[in-house]
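A note on names: the letters A, B, ... follow the listed sequences, proteins ahead of strands, and every chain is numbered from 1. All values below come from the heavy atoms of this structure, side chains included, with hydrogens, waters and symmetry mates left out.
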Amino acid sequence: YSFLSSNSKWSTNKITYRIVNYTPDLTVADVDQTIAKAFKVWSDVSPLTFTKINSGTADIMISFGTKSHGDLFPFDGPSGTLAHAFGPGSDIGGDAHFDEDETWTTTSRSINLFLVAAHEFGHALGLDHSTNPSALMFPTYSYVPTERYKLPTDDVNGIQALYGKRTVI
Amino acid sequence: LPAAVPVNPKSENNEGDFQFAEGYLNRFYTISTVKSRSRGPVTETLKRMQSFFKLNVTGTLDRETMEVMKRPRCGVPDVAK
């Protein structure tokens, strides 16, 4: 694992997120559940908590867009770049953008939203790409079964190096 | 940008592959547009990419490297700008 930069982490463990818009590829309920599940892989192994808000500015703003979509990093159509996210910080910091030109699924067909979202949220929390091919934070997409998904050890070590372990009361 | 990523002249890559690879390296490994006017630094960038993905570090655009470059991936650079 590696970090985006030495000081790139949230100063609080209570992080908010907002889904700004939805992909038409999935139902709203599917997207809500998938995004919540993607955050849970990180909160299960760290002290972080993630709370969904439905208006205003959240720490992590989540959106779907195509080509030029309001930042300096346009998407490239189907395949290629699937999504990107910004490290912890104000304004665009922490935000996660998904390429609407992909076909998003909750299955193994095409691109699995859960796997991509969990990866992008790693960036939003301060993790950089890992050179470990089995890590979630490896830069290229590969499908693994998502039922009872367990965060790979490399990623667990990375997030715990940033935020510590989850305290069991 | 330079016309092509340096490759083994005996390779079977076509110009489209070169341009694709150059765009990939520029986006995810930050080729300096000034330095890359000579081919050496671009080769070094290609080697960094091959090293990151644990490929054979040859500095040449072989088939295995192209296959990795064409995989769907995250848009965050592997070497930050």
Between atom [atom1] of [X] and atom [atom2] of [Y], what is the distance when rounded to the nearest 0.5 Å?
X: B:C74; Y: A:H84; atom1: SG; atom2: NE2; value: 8.5 Å
X: B:K54; Y: A:T131; atom1: NZ; atom2: OG1; value: 3.5 Å
X: A:S142; Y: B:R71; atom1: OG; atom2: CZ; value: 8.0 Å
X: A:T81; Y: B:F28; atom1: OG1; atom2: CZ; value: 4.0 Å
X: B:R27; Y: A:D76; atom1: CZ; atom2: CG; value: 6.0 Å

ask   = Do you know the tightest heavy-atom contact between B:V76 and A:A85?
value =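 The pair with the smallest heavy-atom distance is CG2-O, 3.5 Å.
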query = How close do B:P77 and A:D128 get, heavy atom to heavy atom, and via which atoms?
reply =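 Smallest interatomic distance, heavy atoms only, reads O-OD1, 4.1 Å.
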query = Does the pair A:H119 and B:R73 meet the rule for a side chain to side chain contact (heavy atoms under 4.5 Å, CB included), with working shown?
reply = CA-CA 10 Å; A:H119 173 103; B:R73 60 161 291 155; over 6 Å; no
What about [X] and [Y], same hydrophobic cluster or not, with Ile/Leu/Val/Met/Phe/Trp/Tyr joined at side-chain heavy-atom distances under 4.5 Å?
X: B:V57; Y: B:V68; result: no
X: A:V156; Y: A:V144; result: yes
X: A:L136; Y: A:Y163; result: yes
X: A:V31; Y: A:F75; result: no
X: A:Y143; Y: A:L151; result: yes

ask   = Does atom CG of B:N56 have more than 12 heavy-atom neighbours, drawn from other residues, nucleotides or ligands, at distances under 6.0 Å?
value =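 No, not enclosed.
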request  = Could you tell me which portion of A:E102 (side chain, backbone, both or neither) has an atom closer than 4.5 angstrom to a non-hydrogen atom of chain B?
outcome  =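 No part of it gets close to chain B.
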inquiry  = Which label fits B:F52 and A:F138: parallel for a plane angle under 30°, tilted from 30 to 60°, or perpendicular past 60°?
reply    =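 Parallel: the ring planes of B:F52 and A:F138 meet at under 30°.
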key: Sub-4.5 Å side-chain heavy-atom contact between B:F53 and A:T140   =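 Touching, per the 4.5 Å side-chain cut-off.
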